[in-house]
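A quick write-up on the structure given underneath.
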Protein chains: 2
Amino acid sequence: MDSPAKTTNAPLRRETLHHSAVAELRAMILEGELPPGRRVPEMELCEQLGVSRTPLREALRVLAAEGLVELRPHRGAVVTPIDPKEIAAIFQVMEALESLAGRLACDNGSAEAFAELDRLHGELVAQFQAGERAAYSTTNRRIHGWIVAMAGNPVLEATYKGFAAQLNRARSLANYDADRWQHSLTEHEAVMDALRRRDAATAAALLADHSRRTADAVLRTLRQGNEAGAVSGEDGRSVSDHPAGIGVRQ
Amino acid sequence: MDSPAKTTNAPLRRETLHHSAVAELRAMILEGELPPGRRVPEMELCEQLGVSRTPLREALRVLAAEGLVELRPHRGAVVTPIDPKEIAAIFQVMEALESLAGRLACDNGSAEAFAELDRLHGELVAQFQAGERAAYSTTNRRIHGWIVAMAGNPVLEATYKGFAAQLNRARSLANYDADRWQHSLTEHEAVMDALRRRDAATAAALLADHSRRTADAVLRTLRQGNEAGAVSGEDGRSVSDHPAGIGVRQ
DNA sequence: CCGTGCCAGATTGTATACAAAATCTCTATT
DNA sequence: AATAGAGATTTTGTATACAATCTGGCACGG
């Protein structure tokens, strides 16, 4: 249950400090432990991760290349703030990627992969009926990731994962409403229908549609939450004054 | 004549050594000075670039994240070999990106941007008629880059540029034939026609088509050159024995 | 003659020390 | 009292030194 098509031959990299530092930092950022906008002093992380500055700095450069942190010369690193405009831009690209993935999955997906997809979809429906939001979100992500994996294009998969990480970070700030939830499931049903029929064109179109609607919902709540000050303080001060930094760019 | 729509606000990074090292190394790789498959000993580059190992290593990590080099722990870095399978995968993604760019360019491109596009296309035609292959290739790349820039999506643009760099590296090994050249120009004419009419759907479809045909041509010559041993030596030894390393994976 | 194991050289991974830049603070002046 | 400036402090950027790992060759045994 790893990769349904073909996986890139791993360069067999035995753990090195800067490599595991990348993994840990990435996890910390994606889990929200290091919130967007948060400054990242090197020394602080050094003792927290128990490594020296050299591997840590190399890790920061990698994360910067991935877009998870921003490096300001002589001024330290910052966890990339959530910029609604950039999230919108990512969603636009994601729409194209998901669409491509749906098309390729129809062509390249193995029977076993489709069976697993069916199983995941069943899980999704059950979780919706049980009202388990968090579990639903997780399964939802796994389904999309699985479709991308089914496409059998390692480049597509890697690109998708990078953007998906960014979007999930944004989504953690924006819980969309119950109405959107219902619509989301309906769209999944339609997508599944097309996929089961191996109807590449329809699946691609529906996935693009689903992606665009999801984008609208996320961006709407993101902007709502921002102007209502739902997450940051009510005061008018700069968001960077917030202890953890809320990191939603205007 | 930089960006027709909106440019990402540069983080205002004043030159640091590791940053300029990234730029220099990237140029060296893309120019072919460091051919695919070539080992990259740190010390060698240190004296060549006149920097210490620390900034150089950070630069290598960044380039690895971009996919231009591969890092094998305790075994040094290698300029990422050209893998026809990976090139094919990239082209598949590029097809979706170019298509998206064409659609967005129709919606978001300014009149001035379209005028510049027209000018570039005129240049392309003139260079074709003059039989200037190299100039044609350069203008061709500029046109595609310009369309992507016209889309006004910084994420799309950055992603595109990264993949385009990889593909250009592959193209430097594969000069496609005169027949394909003629077809390429015809396709460009059709794309331009759709763009001038701001016909987003048609432009998107034609750009995808053009991308796919280009991919076919490049991959064909890439495989031809590979099996014919046109670039590497005629002997049966591993390609890695070649002094510069040819770096075409089987 | 070929395969296995060990040793030497070279190269990478990490830590620490020093230099440069930016931020902060305190003071003095308007 | 507010502000500008200079020095001190902190943090980042770079260089170098040391430790760990890999590569290649050679001797030894089968």
Side-chain angles (χ1 to χ4, degrees), chain A residues 9-26 29 34 37-65 68-80 237-243 245, chain B residues 10-26 29 34 37-65 68-81 237-243 245:
Chain A
N9 48 344
L12 187 58
R13 48 178 62 176
R14 199 147 68 206
E15 281 295 284
T16 137
L17 278 191
H18 82 263
H19 189 250
S20 56
V22 167
E24 288 200 57
L25 276 177
R26 182 159 39 208
I29 293 174
L34 291 177
R38 159 98 179 226
R39 285 203 57 208
V40 186
E42 295 176 0
M43 287 306 291
E44 184 179 315
L45 285 183
C46 282
E47 47 192 42
Q48 191 165 347
L49 298 185
V51 301
S52 168
R53 279 184 62 211
T54 306
L56 182 84
R57 284 173 57 85
E58 292 177 354
L60 284 177
R61 296 307 184 284
V62 173
L63 293 176
L68 288 180
V69 304
E70 285 180 0
L71 302 177
R72 302 161 310 169
H74 297 286
R75 297 178 55 193
V78 174
V79 178
T80 305
R237 294 187 302 169
S238 163
V239 290
S240 59
D241 287 339
H242 190 282
Chain B
L12 188 58
R13 47 179 62 178
R14 200 147 66 204
E15 282 295 285
T16 84
L17 279 188
H18 82 263
H19 190 248
S20 57
V22 167
E24 288 201 58
L25 276 177
R26 181 160 40 209
I29 294 173
L34 291 178
R38 159 102 179 220
R39 285 205 57 208
V40 187
E42 296 176 358
M43 289 305 291
E44 185 178 313
L45 284 183
C46 282
E47 48 192 41
Q48 192 164 348
L49 298 185
V51 300
S52 169
R53 279 184 63 209
T54 306
L56 182 85
R57 283 173 57 84
E58 292 178 354
L60 284 177
R61 297 305 184 280
V62 172
L63 292 175
L68 289 179
V69 304
E70 284 181 1
L71 302 177
R72 302 161 311 170
H74 297 286
R75 295 177 55 192
V78 174
V79 178
T80 305
R237 293 187 301 170
S238 162
V239 289
S240 59
D241 287 339
H242 190 282

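Side-chain atoms are counted along with the backbone in the values below, which use heavy atoms only and exclude waters and symmetry mates. Convention: sequence-line order gives letters A, B, ...; per-chain numbering from 1.
Residue His74(A) contributes atom NE2, which lies 11 Å from atom P of dT12(D) at whole-angstrom precision. For the pair Met43(A) CE and dT12(D) C1', the interatomic distance rounds to 11 Å; values are reported in whole Å. Between the CZ atom of Arg39(A) and the C1' atom of dT11(D) there is a distance of 8 Å, given to the nearest Å. Across the protein-nucleic acid pair, Leu56(A) atom CG and dG13(C) atom C1' stand 15 Å apart, rounded to whole Å. Here the P atom of nucleotide dA22(C) and the CD atom of Glu42(A) are 15 Å apart, to the nearest Å.
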Side chains of residues 48-64 of chain B: which donor-acceptor pairs under 3.5 Å do they make with residues two or more places apart or in other chains?
unit_1	atom_1	unit_2	atom_2	d
Arg53(B)	NE	Glu42(B)	OE1	2.8
Arg53(B)	NH2	Glu42(B)	OE1	2.9
Arg57(B)	NE	Glu58(A)	OE2	3.0
Arg57(B)	NH1	Glu42(B)	OE2	2.8
Arg57(B)	NH2	Glu58(A)	OE2	3.4
Glu58(B)	OE2	Arg57(A)	NE	3.0
Glu58(B)	OE2	Arg57(A)	NH2	3.4
Arg61(B)	NE	His18(A)	NE2	3.0
Arg61(B)	NH1	Arg57(B)	O	3.4

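A 4.5 Å side-chain heavy-atom check between Leu34(B) and Leu25(B) finds at least one atom pair inside the cut-off.
Here the closest heavy-atom approach between residue Glu15(A) and residue His19(A) is recorded as OE2-ND1, 3.2 Å. Between Arg39(B) and Gly76(B), the shortest heavy-atom distance links the atoms NH2-CA, 4.3 Å.
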Got a list of protein N/O to nucleotides 14-17 of chain C N/O distances below 3.5 Å?
unit_1	atom_1	unit_2	atom_2	d
dT14(C)	OP1	Thr16(A)	OG1	3.0
dT14(C)	OP1	Leu17(A)	N	2.2
dT14(C)	OP2	Thr16(A)	OG1	3.1
dA15(C)	OP2	Ser52(A)	N	2.9
dA15(C)	N7	Thr54(A)	OG1	2.8
dT16(C)	O4	Thr54(A)	OG1	3.3

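Contact annotation: Arg75(A) reaches the phosphate of dT23(C) (side-chain N/O to OP1 or OP2, under 4.0 Å).
With sequence neighbours excluded, the residues that form a side chain to side chain donor-acceptor pair (under 3.5 Å) with Arg26(B) are Glu66(B).
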